Enquirer: 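Here it is, the structure, as structure tokens.
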Amino acid sequence: MSSPAAAPANHDVMKKLVALCKNRGFVFQSSEIYGGLKSAYDYGPLGAELKRNLMSEWWRDMVTTRENVVGIDASIIMRPEVWRASGHAAGFADPLVDCQVSKERFRADKAPRPTVPGPLSLTCTDKGQAKTYAEIIEKNFGIALERDGNVLSGLVALSATEFGFVPKGETAPTKTWPWRGYVSPLIGCPFLTAEKQFNLMFRTPLGAVDPMQDVAEVTAKLTAEPDLAAAITAHFGKAAAADTTLGKAIASGDRAKMLRAVAEQVTASAMVYLRPETAQAMFVQFKNVMNSMSLKPPFGIAQMGKSFRNEVTVEHFIFRSCEFEQMEMEFFCEPGTQGQWMDFWKEARMAWWHRYANYPQKFKFRPHEKDELAHYADQCFDVEYEYPWGWGELEGIASRTDHDLHAHMEASGEDLRFIDTENADPKTGAKPWRYLPYVIEPAAGATRGVLCFLLDAYHEETRLDHEGKPTTRTVLKLHPRLAPIKAAVLPLVKKDGLPEKAREIIEALLKAGVSAKYDEKNSIGKRYAKHDEIGTPYCITVDYDSLQDGQVTLRDRDTTEQVRIPIAQAVQQIRERLER
RNA sequence: GCGGGUGUAGCUCAAUGGUAGAGCGCCUGCUUCCCAAGCAGGACACGAGGGUUCGAUUCCCUUCACCCGCUCCA
């Protein structure tokens, strides 16, 4: 597209874009009239078109125009086993704890565990912080720790389950608290909140009867017993054996933990998860897809759709939200060929982003460092975009090895290997070769794609009005195929038969399947400006000459230049421009 | 979740312990022959809940949401 090389360096661009999105019907905040819902957004009429266009372009490029890629559209809810096998259920259900003094939040399983018995000294970053924290502790826990520079001392680990305060000069603790054996990583503080499960996944009971009723009834019954642990063991039997979650909770002696485990146990059979990524369905249905479509590696399965994650922090408008949309493809190939396919898809994917961008220099690859790689990947590249707040991820292209298929084969007991009858197993030399394909996964954020192309398209140009005063023209230089409205049809004035002529043109456009809008309100300049702001690439204007010579002007959004074309060619001309 | 900031019309902003005003936009009519023209009318707001007060948009508390920083990811 024709544009200057340098992107506008406007630090308010996010603010302005968010305002434009609301004003012009691209993106609204969810449930706005009720005060809004955190990190949830609704796509308005133009935003819905834009997102749809973007996703259609992806599907066309990744599925429709490729012989070796097929698409699926899987259910968002799947058996919980899927998420256990994929590692999402365990890997993201880490217990989180807050330090009651420093407010730091950390993972309990990774926290430091001081030797017992022994002193527990709090090391602050500086003297000022030490003073503040000492005051907090005095106020909340009623003890005055001894302060020496940035170190607070006086707390002592007494046993694996108890710590206390031993004032200077004393030998016995004057006050004690129960303890879980670890302290906060930053300052080494034992005053902590209870462990809370932070789960990545959205959980919902599947079924007409709400299992909370069962939870309430069982809890009421169990807590009426004098010995909770014994009551649980009696009620659940084998399900409360020592190696189960329930059994471990009983062993801990913590009532809250036990009741939590009871609730989990009672609801377990009804609970399902909303998928945190679309990828797993493509692994789980790998065999069905391969067999029904008579495919053999190398081939890909693609899918677009919503995924759900409880993010620790949501931020930057639609950049990170709990409900988001993905465009993912799992490309299954022979082990050993993953490197070359990685190169292939890297290039293909970057070319795709560049195709719609005004500023290709704002896209780049960022290779993952070894220690940054997910456990399932042997290589990973992020496609990053330079957002106003810095570089951020847009797509991840991961070499996932055979990790996922392997995990699902093991968990389900289903043989997911491909049987290659033509080639011998390179290890044994025997035919057929049974192997689990390796996977290259280009996983793009559709929601992020919408944001990045809106940012890429957002332009402000200063020009002089008819009086010579500078005015700002806001233009969304969206790629014509992404633009929500392709053409506006405008009578120069709304009289003398011009509207009627314009109506004929818009009807022809709509009939041809081109998204177009008729507009006769306000002056012609205002209508141009309005359509520039929503990214309409072409305006067709009917003037008095049109009635005589059968021609109209076709105005280009980016250059504002006009050419005169016959009305009879209008539809065809617009369609041709969209195919470029 | 924690710290800091913000919340007044569709948008951008103002004023005020005594019941809110402008610009732009929007709607109606007239006018208007190509890049946010003019005239005349019109509609629309104190994020929500509670407290103090004779009276709160203003002061206090709570809550919700957003923005900027700490963690994670498509």
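On a predicted model such as this, the values are computed, not experimentally measured, just so you know. These numbers come from the heavy atoms of this one structure, side chains and all, not from hydrogens, waters or symmetry mates. Quick note on labels: first sequence line is chain A, next is B, and so on, each numbered from 1.
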Enquirer: Got a donor-acceptor pair under 3.5 Å from the side chain of Asn23(A) to the base of rC11(B)?
Expert: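 No, the side chain and the base share no sub-3.5 Å donor-acceptor pair.
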
Enquirer: Does a side chain donor of either Glu57(A) or Tyr356(A) reach within less than 3.5 Å of an acceptor in the other side chain?
Expert: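 Yes, because at least one side-chain N or O of Glu57(A) sits under 3.5 Å from a partner of the opposite role on Tyr356(A).
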
Enquirer: Rounding to a whole Å, what distance do you find between Phe319(A):CZ and rG69(B):C1'?
Expert: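 The answer, rounded to whole Å, is 16 Å.
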
Enquirer: Rounded to whole angstrom, note down the C1' distance from rC66(B) over to rC34(B).
Expert: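 Pairwise C1' distance, rC66(B) against rC34(B), rounds to 40 Å.
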
Enquirer: Look through every strand shown and name the nucleotide pairing with rA65(B) as Watson-Crick or G-U wobble, where both distances are under 3.5 Å.
Expert: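 rU6(B) is the nucleotide pairing with rA65(B).
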
Enquirer: Looking at rC66(B), rC11(B), rA74(B), which one has an atom nearest to any side-chain atom of Gln29(A)?
Expert: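 Nucleotide nearest to Gln29(A)'s side chain: rC66(B).
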
Enquirer: Quiz question: going by heavy-atom distance under 3.5 Å, is there a donor-acceptor pair between the base of rC73(B) and the side chain of Arg448(A)?
Expert: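 Answer is yes: a donor-acceptor pair is held.
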
Enquirer: Is the phosphate of rC67(B), meaning OP1 or OP2, less than 4.0 Å from a side-chain N or O of Lys15(A)?
Expert: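 The answer is no; no side-chain N or O of Lys15(A) sits under 4.0 Å from OP1 or OP2.
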
Enquirer: Asp378(A) and Thr401(A): side-chain donor and acceptor closer than 3.5 Å?
Expert: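 Thr401(A) and Asp378(A) do not have a side-chain donor-acceptor pair below 3.5 Å.
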
Enquirer: Please report the distance, rounded to the nearest Å, between NE2 in His368(A) and C1' in rC72(B).
Expert: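 Roughly 12 Å, once rounded to whole Å.
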
Enquirer: Could you tell me whether the side chain of Arg320(A) has a donor or acceptor atom within less than 3.5 Å of a complementary atom in the base of rC72(B)?
Expert: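 Under the 3.5 Å cut-off, the side chain and the base do form a donor-acceptor pair.
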
Enquirer: Between rU57(B) and rU53(B), how far is it from one C1' atom to the other, in whole Å?
Expert: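 Pairwise C1' distance, rU57(B) against rU53(B), rounds to 15 Å.
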
Enquirer: Scan side-chain atoms only and decide if Tyr538(A) and Asp556(A) contain a donor-acceptor pair under the 3.5 Å cut-off.
Expert: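 The criterion, which ignores hydrogens and geometry beyond distance, is not satisfied for Asp556(A) and Tyr538(A).
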
Enquirer: Quick one: which of rC34(B), rA36(B), rC73(B) gets closest to the side chain of Ile524(A)?
Expert: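 The nucleotide sitting nearest to the side chain is rC34(B).
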
Enquirer: Starting at CG of Leu20(A) and ending at C1' of rG25(B), how long is that distance when rounded to a whole Å?
Expert: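 One finds 13 Å between C1' of rG25(B) and CG of Leu20(A), rounded.
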
Enquirer: Side chain of Asp543(A): nearest nucleotide among rC73(B), rC34(B), rC67(B)?
Expert: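 Side chain of Asp543(A) sits closest to rC34(B).
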
Enquirer: To the nearest angstrom, how far is Asn522(A) atom CG from rA37(B) atom C1'?
Expert: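 For the pair Asn522(A) CG and rA37(B) C1', the rounded distance is 11 Å.
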
Enquirer: Please give the distance between the C1' atoms of rA45(B) and rG23(B) as a whole number of Å.
Expert: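 Nearest-Å result for rA45(B) against rG23(B) at atom C1': 16 Å.
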
Enquirer: Counting any heavy atom closer than 4.0 Å, what does Lys521(A) reach on the DNA or RNA strands: base, sugar-phosphate only, or nothing?
Expert: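 The answer is sugar-phosphate, as Lys521(A) gets under 4.0 Å only of primed atoms, P, OP1 or OP2.
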
Enquirer: What's the base orientation of rU6(B): syn (chi within 90° of 0) or anti?
Expert: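 Base orientation relative to the sugar is anti.
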
Enquirer: rA65(B), rC73(B), rA36(B): which one has an atom nearest the side-chain heavy atoms of Lys38(A)?
Expert: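 For Lys38(A), the side-chain atoms sit closest to rA65(B).
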
Enquirer: Would you kindly say whether Tyr273(A) and Arg275(A) are connected by a side-chain donor-acceptor distance under 3.5 Å?
Expert: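 No, no side-chain donor-acceptor pair sits under 3.5 Å.
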
Enquirer: Quantified in whole Å, what is the P atom distance between nucleotide rG21(B) and nucleotide rA9(B)?
Expert: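 It comes out at 14 Å once rounded to the nearest Å.
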
Enquirer: Work out how far the C1' atom of rC33(B) is from that of rA37(B), and round it to whole angstrom.
Expert: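 Going atom to atom, C1' in each nucleotide, I get 13 Å.
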
Enquirer: Between His408(A) and Gln280(A), does any side-chain donor sit less than 3.5 Å from a side-chain acceptor?
Expert: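 Yes - a donor-acceptor pair under 3.5 Å links their side chains.
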
Enquirer: Counting only side-chain nitrogens and oxygens, does Ser523(A) get under 4.0 Å of the OP1 or OP2 atom of rA37(B)?
Expert: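 Yes, within the criterion.
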
Enquirer: What is the distance, to the nearest angstrom, from the NZ atom on Lys22(A) to the P atom on rG25(B)?
Expert: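 Value for this atom pair: 18 Å.
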
Enquirer: For the base of rA36(B) and the side-chain ring of Tyr528(A), does the geometry meet a stacking cutoff of under 5.5 Å between centres and under 30° between planes?
Expert: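 Stacking is absent between rA36(B) and Tyr528(A), given that the ring centres and planes do not meet under 5.5 Å and under 30°.
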
Enquirer: When the C1' atoms of rC73(B) and rG4(B) are compared, how many Å lie between them, rounded to an integer?
Expert: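 Going atom to atom, C1' in each nucleotide, I get 25 Å.
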
Enquirer: Closest nucleotide of RNA chain B for Tyr34(A) versus for Thr560(A): which of these residues is on the 5' side?
Expert: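 Comparing both residues, the 5'-ward one is Thr560(A).
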
Enquirer: Could you verify whether a donor N or O on one side chain and an acceptor N or O on the other, from Tyr34(A) and Glu32(A), lie under 3.5 Å apart?
Expert: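 Glu32(A) and Tyr34(A) do not have a side-chain donor-acceptor pair below 3.5 Å.
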
Enquirer: Of all the choices, rU31(B), rC67(B), rC11(B), which nucleotide is nearest to the side chain of Lys494(A) once you look at every atom?
Expert: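 That would be rU31(B).
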
Enquirer: Do Asn53(A) and Ser56(A) meet the criterion of a side-chain donor-acceptor pair at a distance under 3.5 Å?
Expert: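 There is no such pair (donor and acceptor under 3.5 Å, judged by atom type) between the side chains of Asn53(A) and Ser56(A).
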
Enquirer: Touch check for Ser307(A), heavy atoms < 4.0 angstrom, all strands: base, sugar-phosphate only, or nothing?
Expert: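 No contact.
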
Enquirer: Partner of rA40(B) by Watson-Crick or G-U wobble geometry, both contacts under 3.5 Å, or none?
Expert: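 Result: rU28(B).
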
Enquirer: Tell me, with the steps shown, if Glu330(A) and Ile440(A) meet side-chain contact (heavy atoms from CB on, under 4.5 Å).
Expert: CA-CA 6 Å; Glu330(A) 307 302 325; Ile440(A) 302 297; over 6 Å; no

Enquirer: Looking for any heavy atom pair under 4.0 Å, which part of the strands does Leu490(A) touch: base, sugar-phosphate only, or nothing?
Expert: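 Nothing, no nucleic acid heavy atom in range.
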
Enquirer: Let's see if you can work this out: which of rU32(B), rA74(B), rA37(B) has an atom nearest to the side-chain heavy atoms of Arg309(A)?
Expert: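 Given the options rU32(B), rA74(B), rA37(B), the side chain of Arg309(A) is closest to rA74(B).
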
Enquirer: So which one's nearest nucleotide on RNA chain B is more toward 5', Arg564(A) or Gln326(A)?
Expert: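 In this pair, the answer is Arg564(A).
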
Enquirer: If you check the Phe324(A) side chain, which of rC34(B), rA74(B), rC26(B) turns out closest?
Expert: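 So the nucleotide nearest the side chain must be rA74(B).
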
Enquirer: Hey, is the side chain of His316(A) poking within less than 4.0 Å of OP1 or OP2 on rC68(B), counting only N and O atoms?
Expert: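 Yes, because at least one side-chain N or O of His316(A) sits under 4.0 Å from OP1 or OP2 of rC68(B).
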
Enquirer: Which part of the nucleic acid, if any, lies within reach of Ser321(A) when heavy atoms closer than 4.0 Å are counted: base, sugar-phosphate only, or nothing?
Expert: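 Answer is base: heavy atoms of Ser321(A) come under 4.0 Å of a base.
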
Enquirer: Taking the P atom of each, how far is rC64(B) from rC26(B), in whole Å?
Expert: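 It works out to 37 Å between them.
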
Enquirer: Once hydrogens and angles are ignored, does a donor-acceptor distance under 3.5 Å link the base of rC35(B) to the side chain of Arg527(A)?
Expert: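 In this structure, the two groups form no donor-acceptor pair.
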
Enquirer: Give one of base, sugar-phosphate or nothing for Glu395(A), where a contact means two heavy atoms less than 4.0 Å apart.
Expert: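 Sugar-phosphate only.
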
Enquirer: Paired with rG18(B): which nucleotide, if any, by Watson-Crick or G-U wobble criteria at under 3.5 Å for both distances?
Expert: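 Pair assignment: rG18(B) / rC54(B).
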
Enquirer: Within this structure, what is the CD-to-C1' distance between Glu520(A) and rU28(B), rounded to whole angstrom?
Expert: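 Distance, rounded to whole Å: 13 Å.
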
Enquirer: Identify whether any heavy atom of Glu533(A) sits under 4.0 Å from a base atom; if not, whether one sits that close to sugar-phosphate; answer base, sugar-phosphate or nothing.
Expert: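 Counting heavy atoms under 4.0 Å across all strands, the contact made by Glu533(A) includes a base.
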
Enquirer: Would you mind telling me which of rC72(B), rC35(B), rA37(B) lies closest to the side-chain atoms of Gln562(A)?
Expert: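 Side chain of Gln562(A) sits closest to rC35(B).
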
Enquirer: Is a side-chain donor-acceptor pair under 3.5 Å present for Thr474(A) with Glu460(A)?
Expert: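 Absent: no donor and acceptor within the cut-off.
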
Enquirer: Given atom CD of Gln280(A) and atom P of rA74(B), what is their separation to the nearest angstrom?
Expert: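 Distance check: Gln280(A) CD to rA74(B) P gives 12 Å.
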
Enquirer: Counting only side-chain N and O atoms of Lys526(A), is one of them less than 4.0 Å from OP1 or OP2 of rG25(B)?
Expert: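 Result: yes.
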
Enquirer: Can you tell me how far C1' in rG50(B) sits from the matching atom in rC44(B), rounded to whole Å?
Expert: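 28 Å, rounded to whole Å.
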
Enquirer: For rC70(B), give the paired nucleotide (Watson-Crick: N1-N3 plus N6-O4 or O6-N4; G-U: N1-O2 and O6-N3; both under 3.5 Å), or none.
Expert: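 Base-paired to rG1(B).
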
Enquirer: Rounded to whole angstroms, how far apart are CD on Glu315(A) and P on rC70(B)?
Expert: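 Glu315(A) atom CD is separated from rC70(B) atom P by 10 Å.
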
